[in-house]
Amino acid sequence: TLFPYTTLFRSVDDSEGIVEYAEADTIFNEAENFYALKNGSRFFYYANFASPITASVNEPGVGIEVDGKNIILKAVKDGYYRDVVVTVKDGLGDTYTSKPLNFLADSAVPEVHIQTPELHQWLGNSVKISGTATDVNGITGIQYSIDGGENWNDAKIITSGAGNIGVTFNETVDLSAFEDGLVRIDVKVTDRAGQVSYDYTSAYKDITPPEVKVVVPLSADVVNGQNLIVFDAKDTAKVNKAEYVAPPSAKAGSTEIPLAS
């Protein structure tokens with residue numbers, strides 16, 4: 001098994017000690033002071049002592065593997081582990097301990113569900129984007145995009161308890177700059193470990209009224225008695241229903257017209 005040790009230790013002196021470093025996918029959360037072990041990512045120790053090296057760890061939620069002087073730490077189960085210490089015993093029988101570190105193990109992405117707008121809902125000049133997000137380790141951010149993911153904006157998070165394990169979000173977005181047509185809405189959710197999930201929907205903006213004209217009879221035609229009337233109705237989206245009101249008579253009211261494509 002090959003591990004990425006060579007590059008790191010070119011600049012390290014040969015004095016005895018334990019050196020800690022993270023794999024590229026193991027991100028350090030400066031705000032909360034922990035390393036995120038996600039999707040099987042690892043954390044490494046180099047024990048520069050007399051061989052052979054043995055090691056143990058004080059937290060059962062993480063496990064270690066020794067490869068020469070290299071020690072690989074991985075999560076055994078999801079959870080938050082505070083003050084994790086690796087104890088090293090060298091070939092002379094002397095023992096050493098690493099500095100305590102905090103780890104958040106997270107193998108699952110957060111769940112996110114958009115509740116509004118509904119798929120293909122009709123919109124005016126604004127849209128209410130709302131939904132729910134959950135994660136056992138807590139939600140740290142919710143963003144939305146209305147331009148295919150080119151730009152993301154923060155959505156307001158409404159917490160429902162300690163730790164932001166289950167939250168809702170709600171944002172009213174201005175669509176006045178958009179032309180009539182299909183609007184794609186993307187939502188991105190991030191949890192404490194940096195895991196990301198997406199949900200998306202699309203809705204239809206339509207603020208332009210349909211156009212309608214009489215095709216038959218022509219304006220110059222002379223009509224009398226029962227007549228066929230044909231209308232041409234057009235819309236940038238879809239004509240849902242057409243009705244007409246007959247000239248004043250004993251029977252008032254409108255009549256629905258069957259639509260033909």
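For clarity, every value in this text was computed on a predicted model and none was experimentally measured.
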Q: Answer yes if Val214 and Val212 sit in the same cluster of Ile, Leu, Val, Met, Phe, Trp and Tyr residues linked by side chain heavy atoms under 4.5 Å apart, and no otherwise.
A: yes

Q) Just wondering, more than 12 heavy atoms not from Tyr200 lying within 6.0 Å of its OH? A) no

Q. In a check of side-chain contact (heavy atoms from CB on, under 4.5 Å) between Ile71 and each of Tyr46, Phe44, Tyr45, which one passes?
A. Tyr45

Q: Of all the heavy-atom pairs spanning Asn29 and Arg192, show the shortest one and how long it is.
A: ND2-O, 3.8 Å

Q: Measure the shortest side-chain to side-chain distance between Asn125 and Lys205 over non-hydrogen atoms and say whether it is less than 4.5 angstrom.
A: yes

Q: Taking all heavy atoms of Val127 and all of Ile185, pick out the closest pair and write down the distance.
A: CG2-CD1, 4.0 Å

**Q.** More than 12 heavy atoms from other groups under 6.0 Å of CD on Glu211
**A.** no

Q: Please test Leu37 against Thr26 for side chain to side chain contact (heavy atoms under 4.5 Å, CB included), starting from the C-alpha separation and ending with a verdict.
A: CA-CA 6 Å; Leu37 300 171; Thr26 301; 3.8 Å; yes

Q. Between Ser197 and Glu111, is any pair of side-chain heavy atoms under 4.5 Å apart?
A. no

Q: Go through the side-chain N and O atoms of Asp78 and Ser107 and say whether any donor and acceptor fall under 3.5 Å apart.
A: yes

Q) When rounded to the nearest 0.5 angstrom, what distance separates CG in Asn153 from NZ in Lys188? A) 10.5 Å

Q: Measure the OG1-CG distance between Thr140 and Asp191 for me, rounded to the nearest 0.5 Å.
A: 6.5 Å

Q | Ile165 and Thr134, any side-chain heavy atoms less than 4.5 Å apart | A | no

Q: Would you mind reporting whether Glu16 and Asn48 have side-chain heavy atoms less than 4.5 Å apart?
A: no

Q: Any chance you could measure His113, atom NE2, to Phe169, atom CZ, to the nearest 0.5 Å?
A: 10.0 Å

Q: Using the side chain to side chain contact (heavy atoms under 4.5 Å, CB included) rule, take Val84 and Asn58 through it: C-alpha gap first, then chi angles, then the decisive distance, then the call.
A: CA-CA 6 Å; Val84 175; Asn58 66 335; 4.0 Å; yes

(Q) Could you report the tightest heavy-atom contact between Val57 and Val62, atom names first, then the distance? (A) CG1-O, 3.7 Å

Q) Shortest non-hydrogen contact from Ser126 to Thr172? A) CB-CG2, 4.3 Å

Q. Considering only heavy atoms from C-beta outward, does the side chain of Glu150 approach that of Ser145 to under 4.5 Å?
A. no

Q.
For the backbone of Ser56 and the side chain of Thr87, can you confirm whether one donor and one acceptor N or O come within less than 3.5 Å of each other?
A. no

Q) Shared ILVMFWY cluster between Leu101 and Tyr80, side chains joined below 4.5 angstrom? A) no

Q) Below 4.5 Å, heavy atoms only, C-beta onward: do Asp135 and Asp106 meet side chain to side chain? A) yes

Q) Same cluster or not: are Phe43 and Tyr96 linked, directly or through other Ile, Leu, Val, Met, Phe, Trp or Tyr residues, by side-chain heavy atoms under 4.5 angstrom apart? A) yes

**Q.** Single-linkage hydrophobic cluster Leu104~Val136, side-chain heavy atoms < 4.5 angstrom
**A.** no

Q.
Using only atom types and a distance under 3.5 Å, with no angle test, would you say the side chain of Glu23 pairs donor to acceptor with the backbone of Arg42?
A. yes

Q: Calculate, to the nearest 0.5 Å, the distance between atoms CZ and OG1 belonging to Phe49 and Thr95 respectively.
A: 9.5 Å

Q) Does one hydrophobic cluster hold both Ile72 and Ile27, with members joined at side-chain heavy-atom distances below 4.5 Å? A) no

Q. Does Asp199 use its side chain to pair, donor to acceptor, with the backbone of Val189 at less than 3.5 Å?
A. no

Q: Give, for atom OG1 of Thr201 and atom CD1 of Ile114, the distance between the pair rounded to the nearest 0.5 Å.
A: 6.0 Å

Q. Hey, what do you get for CH2 (Trp152) to CD1 (Ile146), rounding to the nearest 0.5 Å?
A. 11.5 Å

Q. How would you list, by chain and number, every residue that makes a side-chain hydrogen bond (donor to acceptor under 3.5 Å, both in side chains) with Arg184, sequence neighbours excluded?
A. Asp186

(Q) Could you report the tightest heavy-atom contact between Val187 and Val112, atom names first, then the distance? (A) CG1-CG2, 4.0 Å

Q: List the atom of Phe34, the atom of Phe103, and the distance in Å for their closest heavy-atom pair.
A: CB-N, 4.3 Å

Q: Check whether the side chains of Glu32 and Asn102 place a donor and an acceptor atom closer than 3.5 Å, and report yes or no.
A: no

**Q.** Side-chain heavy-atom pair Leu175, Ile207 within 4.5 angstrom cut-off
**A.** no

Q. Quick one: are Lys128 and Asn170 in side-chain contact, heavy atoms under 4.5 Å?
A. yes

Q.
Could you tell me if Thr116 and Ser130 have a donor-acceptor pair between their side chains, going purely by distance under 3.5 Å?
A. yes

